[in-house]
Visitor: 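Input: one structure, supplied below.
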Amino acid sequence: MRRILTGLLLLGMLILSAGCGSNKNIYDADGVAHLRLSQASAADGAIGKSLEIFAKDVYEKSNGRIQISVFHNGQLGSERDNIEACELGNLDIAVVNQSVLANFIPEIAVFDLPYTIESEKHADAVFLGPIGNDFLQRLSSVKLHGLGIWESGFRDLTNSKRPVVNVEDVYGLRVRVMENKIHQELWKALGADPVPMSWGDAYTGLQQGALDGQENPPTVIDKNNVVEVNKHMAITQHVYSTVFLIMSPKTWEGLTPDDQQLITECMNRANLNERLLSRQMDKEALDTLASKGMQITYPNKSQFIAATSSVRDEFSGTFKDTLDRIKQTAKDIGEEE
């Protein structure tokens, strides 16, 4: 009889546990949620600084009930590792580049097409509007909860060979690019020799002369001391890069509705403030780079837009609906080319 009672008790506990759902236990005995947030970039960049501000905002608005610890510089693994950890519920929040996330939601790759985003105003209308919200919602299909989309910035070209004032000046340059097919095709269309490589290996290649150049937003170029290996910078603004902030659904569903609303409101503020900080830091980075000896040129972007039309055409069928919406957004705000 005792065994039967014990068995029934255990069964009842299992049923009760199942009835409560399989959500992650978010709150400790004191009712405090301790969340971990991982990102790959430096702590002193716009994204890193904004994450700390976001975490502080959440802490203060929740009266200390939600505590977010931010881990910078890939301390908790690569961006792909972080995505998979969020899917499994082993990580609470992660910041991932659009190009990496495109491996999970292929249509995100539309934003890697050259000169798809035409200006900062256009970027805000796209990523803070219906298009951005749609992509955040799509993340649920790969077991992720979308929190927000932040700015990494317009990418520019640097090299060690010569000033770039025309498309012809790009010809033959060995340029480090992300391991991304669209980015590789972009530079092939411009006559360069794209070399897909991790950033960790790229700097050594630039130092040793195995690579001529690289492309990144100005703040990234400044913070990573690219001026020490490349003295020429062209403001090409060929791709506008973003990062997506994702949360584990297990974490999200384990939060109370009030805390979900609190985090959403804090993220909405951060979405705007991060963009302002990013743009301010990019302008400051250009001044800093110039003071360190970087020769900055401003080539006519129309040449680069024309030279990369084949890349947009190649993928236009795959991303037609989203491209049409992006173009329409530009027209709506008076930014169409």
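Heads up: numbering here begins at 1 and tracks the sequence.
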Visitor: Taking all non-hydrogen atoms of both residues, which atom of C266 and which atom of F54 are closest, and how far apart?
Guide: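 Smallest heavy-atom distance, with atoms named: CB-CE1, 3.8 Å.
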
Visitor: Where is the tightest heavy-atom contact between I182 and D112, given as atom of each residue plus distance?
Guide: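 For I182 versus D112, the nearest heavy atoms are CG2-O, 3.4 Å.
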
Visitor: Return the CZ to CZ distance between F319 and R312, rounded to the nearest 0.5 Å.
Guide: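 Reported value, rounded in 0.5 Å steps: 14.0 Å.
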
Visitor: Can any side-chain N or O of D193 pair as donor or acceptor with the backbone N or O of G172 at less than 3.5 Å?
Guide: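 Answer holds: no.
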
Visitor: Any side-chain donor-acceptor pair under 3.5 Å between T219 and D282?
Guide: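 D282 and T219 do have a side-chain donor-acceptor pair below 3.5 Å.
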
Visitor: For K292, is there an ion pair with D222 - N to carboxylate O distance below 4.0 angstrom?
Guide: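 The answer is yes: the pair qualifies as a salt bridge.
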
Visitor: Got a donor-acceptor contact below 3.5 angstrom from the E79 side chain to the N97 backbone?
Guide: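 Side chain of E79 to backbone of N97, a donor-acceptor pair under 3.5 Å: yes, one is there.
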
Visitor: Distance-only, no hydrogens or angles: does the S160 side chain make a donor-acceptor pair with backbone N or O of V229 under 3.5 Å?
Guide: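 Not a single qualifying donor-acceptor pair exists.
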
Visitor: Taking atom CG of D287 and atom CD of E284, what is their separation to the nearest 0.5 Å?
Guide: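 With rounding to 0.5 Å, CG (D287) is 8.0 Å from CD (E284).
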
Visitor: Would you say that R275 contacts L128 through its side chain, given a criterion of any heavy-atom pair below 4.5 Å between the two side chains?
Guide: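 Side-chain contact under 4.5 Å: yes.
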
Visitor: Look at the rings of Y203 and W199 and say which category their plane angle falls in: under 30° parallel, 30 to 60° tilted, over 60° perpendicular.
Guide: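 Y203 and W199: perpendicular rings.
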
Visitor: Determine the sole option in E215, Q214, H183 for which the side chain to side chain donor-acceptor pair (under 3.5 Å) test with R155 is passed.
Guide: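 Checked E215, Q214, H183 against R155; only one passes side chain to side chain donor-acceptor pair (under 3.5 Å): E215.
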
Visitor: Could you walk me through whether T256 and D258 satisfy the side chain to side chain donor-acceptor pair (under 3.5 Å) test, starting with their C-alpha distance in whole Å, then the side-chain angles of each, then the deciding distance to 0.1 Å, before giving a yes or no?
Guide: CA-CA 5 Å; T256 66; D258 285 346; 5.4 Å; no

Visitor: Would you confirm whether the ring centroid of F244 sits within less than 6.0 angstrom of the ring centroid of F135?
Guide: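 Ring-ring flag for F135/F244: false, centres at least 6.0 Å apart.
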
Visitor: Is it true that atom CD of Q137 has more than 12 heavy atoms of other residues, nucleotides or ligands lying nearer than 6.0 Å?
Guide: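 Count not over threshold, so no.
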
Visitor: Please check if I221 and M281 belong to a single hydrophobic cluster, counting links between Ile, Leu, Val, Met, Phe, Trp and Tyr side chain heavy atoms closer than 4.5 Å.
Guide: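 Unlinked, I221 and M281 end up in two clusters.
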
Visitor: Taking the basic N atoms (NZ, or NE/NH1/NH2) and the acidic carboxylate oxygens, is any pair closer than 4.0 Å for E185 and K188?
Guide: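 The answer is yes: the pair qualifies as a salt bridge.
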
Visitor: Indicate the ring-plane relationship of H238 and W187, choosing parallel, tilted or perpendicular according to the 30° and 60° boundaries.
Guide: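 Rings of H238 and W187: perpendicular, over 60°.
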
Visitor: Using modelled atom types only, decide if a donor and an acceptor are shared between the side chain of S78 and the backbone of D81 within a distance under 3.5 Å.
Guide: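 Checking the backbone N and O of D81 against the side chain of S78, a donor-acceptor pair under 3.5 Å is found.
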
Visitor: Which pair of heavy atoms, one from V170 and one from A192, lies closest together, and at what distance?
Guide: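 Nearest pair, atom of V170 first, then A192: CG1-CB, 3.8 Å.
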
Visitor: If you measure from CD1 on I68 to CD1 on I263, what distance do you get to the nearest 0.5 Å?
Guide: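 Going from CD1 on I68 over to CD1 on I263, the span is 5.5 Å.
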
Visitor: Would you confirm whether Q303, through its side chain, and V167, through its main-chain N or O, come within 3.5 Å as a donor-acceptor pair?
Guide: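 At least one qualifying donor-acceptor pair exists.
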
Visitor: Can you see which heavy atom on S278 is nearest to which on A46, and at what distance?
Guide: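 Looks like CA-CB, 3.6 Å.
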
Visitor: Verify, without hydrogens or angle tests, whether R174 (side chain) and A210 (backbone) share a donor-acceptor contact under 3.5 angstrom.
Guide: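 Yes, because the side chain of R174 sits within donor-acceptor range (under 3.5 Å) of the backbone of A210.
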
Visitor: Strictly below 4.0 Å, N to O, side chains only: are E151 and R279 in salt-bridge contact?
Guide: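 Looking at R279 together with E151, the answer is yes, because their closest N to O distance falls below 4.0 Å.
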
Visitor: Quick one about E253 and H145 (side-chain donor to acceptor, distance below 3.5 Å, no hydrogens or angles considered), yes or no?
Guide: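 Not at all, the side chains of H145 and E253 share no donor-acceptor pair under 3.5 Å.
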
Visitor: Quick one: closest heavy-atom pair of L255 and Q260, and the distance?
Guide: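 Closest approach of L255 to Q260, heavy atoms only: O-NE2, 3.7 Å.
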
Visitor: Can E84 and R80 be counted as an ion pair, charged N to O under 4.0 angstrom?
Guide: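 Between R80 and E84 there is a salt bridge, with a charged N closer than 4.0 Å to a carboxylate O.
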
Visitor: Going hydrophobic residue to hydrophobic residue with side-chain gaps under 4.5 angstrom, can you get from V95 over to L35?
Guide: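 Hydrophobic grouping puts V95 with L35.
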
Visitor: Counting C-beta onward and ignoring hydrogens, is there a side-chain heavy-atom pair between I326 and H122 closer than 4.5 Å?
Guide: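 In contact.
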
Visitor: If we only count heavy atoms from C-beta on, is the T236 to Y115 side-chain gap below 4.5 Å?
Guide: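 Result yes, sub-4.5 Å side-chain heavy-atom pair found.
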
Visitor: Tell me whether K61 at atom NZ has more than 12 heavy atoms from other residues, nucleotides or ligands lying less than 6.0 Å away.
Guide: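 Yes - once you tally the heavy atoms of other residues, nucleotides and ligands closer than 6.0 Å, there are more than 12.
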
Visitor: Return yes if some donor-acceptor pair links the side-chain N/O of N230 with the main-chain N/O of M233 below 3.5 Å, else return no.
Guide: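 No, the answer is negative, given that no donor and acceptor are paired below the 3.5 Å cut-off.
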
Visitor: Looking at D324 and K320, is any side-chain nitrogen of the basic one under 4.0 Å from a carboxylate oxygen of the acidic one?
Guide: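 Between D324 and K320 there is a salt bridge, with a charged N closer than 4.0 Å to a carboxylate O.
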
Visitor: Take D332 and Q328 through the side chain to side chain donor-acceptor pair (under 3.5 Å) test and state the conclusion after the steps.
Guide: CA-CA 6 Å; D332 291 344; Q328 185 59 50; 2.9 Å; yes

Visitor: Give a yes or no on whether the backbone of V32 and the side-chain of D30 come within a donor-acceptor separation of less than 3.5 Å.
Guide: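 Flag not set: sc D30 to bb V32 has no pair under 3.5 Å.
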
Visitor: What are the two closest non-hydrogen atoms of E274 and I47, and how far apart are they?
Guide: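 Here E274 and I47 meet closest at OE2-CG1, 3.6 Å.
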
Visitor: Determine yes or no for a side-chain-to-main-chain donor-acceptor pair under 3.5 angstrom, with N166 supplying the side chain and E168 the backbone.
Guide: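 Checked: no pair found.
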
Visitor: Say you draw a straight line from OG of S291 to CG of L286; how long is it, rounded to the nearest 0.5 Å?
Guide: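 If I round to the nearest 0.5 Å, the distance is 11.0 Å.
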
